[in-house]
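Contents: one structure, followed by commentary.
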Amino acid sequence: MIPSALPSPVFPSLARLRITADFNLELGIQLVKFMSPGSALSSISITTRGFPDTRIDVSEWSELLSAIQETCCTRSLQRLYISDYHQPKLGIEAPVASPGLQLHSDQLKCLFPFANLTELDLSTYHGFDLNDGLIQEMVIAWPKLQIFRLASACKSPSDLMPPLTLSSLIPFAQYFRCLSLLAITINAHVVLNTTTAIKISNHTLHTLDIGLSPITSVVVPQVAALLSDLFPNLTKILNHRRYFREDEQPPYESSDKAWCMVETLTKTFARVREEEFRRVKALVPEI
């Protein structure tokens, strides 16, 4: 714990803050609060280690994000990494999240003023309760993001699918011009009906980590077509099961197989599109 009597403000010239605590975020909360308002931190990393019997309470996240909002200069902060559980060996069968312990939009909106963020990496054991509308707000708030990761150790509650749909990926292609890595959980069971009408694309994204996103083999071609349209240079699609095997090992679980097939088809569609463009260009040079 931080002593109660400290000079105020502490570390007025600090540019990078990195804390690793045992089983809660309290140390990070206290230290951020002791810093002077308008602190010019450019990078914050606050993580916990180990597996507590009682997971981090949502109130700790709320207090920490509020402290960051109140203390840090909105123009200076560029990298933010917070994790309340140790990665990655949580087991091949992920536990089910408790809805009451998921992070909600109110907590995440504390970070909206930080428009110069280039890396945002938040990992919470029970995950996030998001929707497509909030994703739209996020991408507008943080237009400079290059790395965007919202990770969870748990599956969505058994009676619910992840609330984010494939439509939530469209704003990432539309607004993020520098995004190279995206990690987010979506419901891939429902595919957009008009994928051919999408004219938006992002050419910087090369890695998509969909974590515990559910999918079935039936929708694989449609999902691959959509991803290829939105992210033509996408080369790697990761999922939770893939973390537990080497790249050369074949997938053995149905969801892992489906996402691996999506990755293969996505790259195939991109190559076909590029070849078609070259042929048309040769025939009609002014295009």
Side-chain angles (χ1 to χ4, degrees), residues 15-16 18 41-47 74-83 87-88 108 111-112 114-124 127-128 130 132 134-152 162 164-186 188 195 198-213 215 223-243 247 259-271 273-274 277:
R16 293 183 295 274
R18 183 174 181 178
L41 283 169
S42 62
S43 176
I44 298 175
S45 174
I46 300 175
T47 62
T74 56
R75 298 185 304 274
S76 300
L77 189 61
Q78 298 177 17
R79 291 174 293 277
L80 179 60
Y81 174 49
I82 305 173
S83 176
Q87 276 274 54
L108 295 175
L111 301 176
F112 278 9
F114 298 97
N116 289 327
L117 279 171
T118 59
E119 298 180 19
L120 180 60
D121 191 332
L122 306 179
S123 299
T124 177
F128 303 84
L130 307 177
D132 292 357
L134 181 61
I135 292 295
Q136 182 84 15
E137 294 182 63
M138 286 180 175
V139 298
I140 294 174
W142 305 312
K144 298 181 181 180
L145 280 182
Q146 300 172 22
I147 295 175
F148 185 20
R149 182 192 301 275
L150 299 180
S152 169
L164 292 182
T165 69
L166 285 165
S167 298
S168 67
L169 296 177
I170 296 176
F172 291 104
Q174 182 176 6
Y175 293 102
F176 284 159
R177 310 321 304 170
C178 301
L179 189 66
S180 61
L181 185 151
L182 172 62
I184 199 167
T185 302
I186 56 175
T195 56
I198 297 176
K199 303 301 180 183
I200 299 166
S201 61
N202 173 297
H203 292 263
T204 61
L205 188 73
H206 57 73
T207 301
L208 175 64
D209 186 344
I210 45 74
L212 290 156
S213 299
I215 190 173
V223 174
L226 173 64
L227 293 179
S228 179
D229 285 341
L230 292 176
F231 310 111
N233 293 327
L234 186 62
T235 58
K236 181 175 288 188
I237 299 177
L238 303 174
N239 72 85
H240 172 77
R241 278 81 183 179
R242 192 166 177 173
Y243 304 155
D247 286 342
W259 280 115
C260 287
M261 182 57 67
V262 169
E263 178 184 274
T264 299
L265 288 179
T266 298
K267 291 186 283 188
T268 300
F269 292 156
R271 286 195 298 268
R273 185 186 301 109
E274 184 179 355
F277 179 80

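Each residue takes its place number in the sequence, starting with 1. Just the heavy atoms: all of them, side chains too, but no hydrogens, waters or symmetry mates, feed the values below.
Distance check, rounded to the nearest 0.5 Å: CZ of F269 to CG of L226 gives 11.0 Å. With rounding to the nearest 0.5 Å, the separation of OG1 in T185 from CG in L130 is 9.0 Å. Rounding to the nearest 0.5 Å places OG of S180 at 12.0 Å from CG of N233. Here the straight-line distance linking atom CZ of F172 with atom CE of M138 works out to 7.5 Å at 0.5 Å rounding.
Here R79 does not pair with D121 in a salt bridge; the nearest charged N to carboxylate O distance is not below 4.0 Å.
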Problem set entry | Intermediate values then yes/no, side chain to side chain contact (heavy atoms under 4.5 Å, CB included), I210 and I215 | CA-CA 10 Å; I210 45 74; I215 190 173; over 6 Å; no
Exercise. Is there a side chain to side chain contact (heavy atoms under 4.5 Å, CB included) between N116 and L77 once you walk through the steps?
Worked result: CA-CA 7 Å; N116 289 327; L77 189 61; over 6 Å; no
For this session: Please lay out, stage by stage, how I170 and Q136 fare under the test side chain to side chain contact (heavy atoms under 4.5 Å, CB included).
Result: CA-CA 9 Å; I170 296 176; Q136 182 84 15; over 6 Å; no
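A 4.5 Å side-chain heavy-atom check between D132 and L164 finds at least one atom pair inside the cut-off. Residues Y81 and E119 fail the side-chain proximity criterion, which asks for heavy atoms closer than 4.5 Å.
Formation of a donor-acceptor pair under 3.5 Å by the T268 side chain with backbone atoms of T264 is found in this model. No donor-acceptor distance shorter than 3.5 angstrom exists from the side chain of S76 to the backbone of L41, with no hydrogens or angles considered. The backbone N or O of L181 lies less than 3.5 Å from no partner atom in the side chain of T207, so there is not a single donor-acceptor pair. Distance alone, capped at 3.5 Å, is enough to place a donor-acceptor pair between the W259 side chain and the S213 backbone. At distances below 3.5 Å, not a single donor-acceptor pair connects side-chain atoms of S123 with backbone N or O atoms of S83. A side-chain donor-acceptor contact under 3.5 Å links T118 to the backbone of Q78.
Contact between A270 and S228 at its shortest, heavy atoms only, is N-OG, 3.5 Å. Annotation for R149 and D209: closest pair NH1-OD2, 3.5 Å, computed over non-hydrogen atoms.
Each of F112, F114, F176, Y175 was checked for a ring pair (Phe, Tyr, Trp, His ring centres under 6.0 Å) with W142, and the lone residue meeting it is F112.
Within a 6.0 Å radius of CZ in R177, other residues, nucleotides and ligands contribute more than 12 heavy atoms. Residue R18 places its CZ atom among 12 or fewer non-hydrogen atoms of other residues, nucleotides or ligands, all under 6.0 Å distant.
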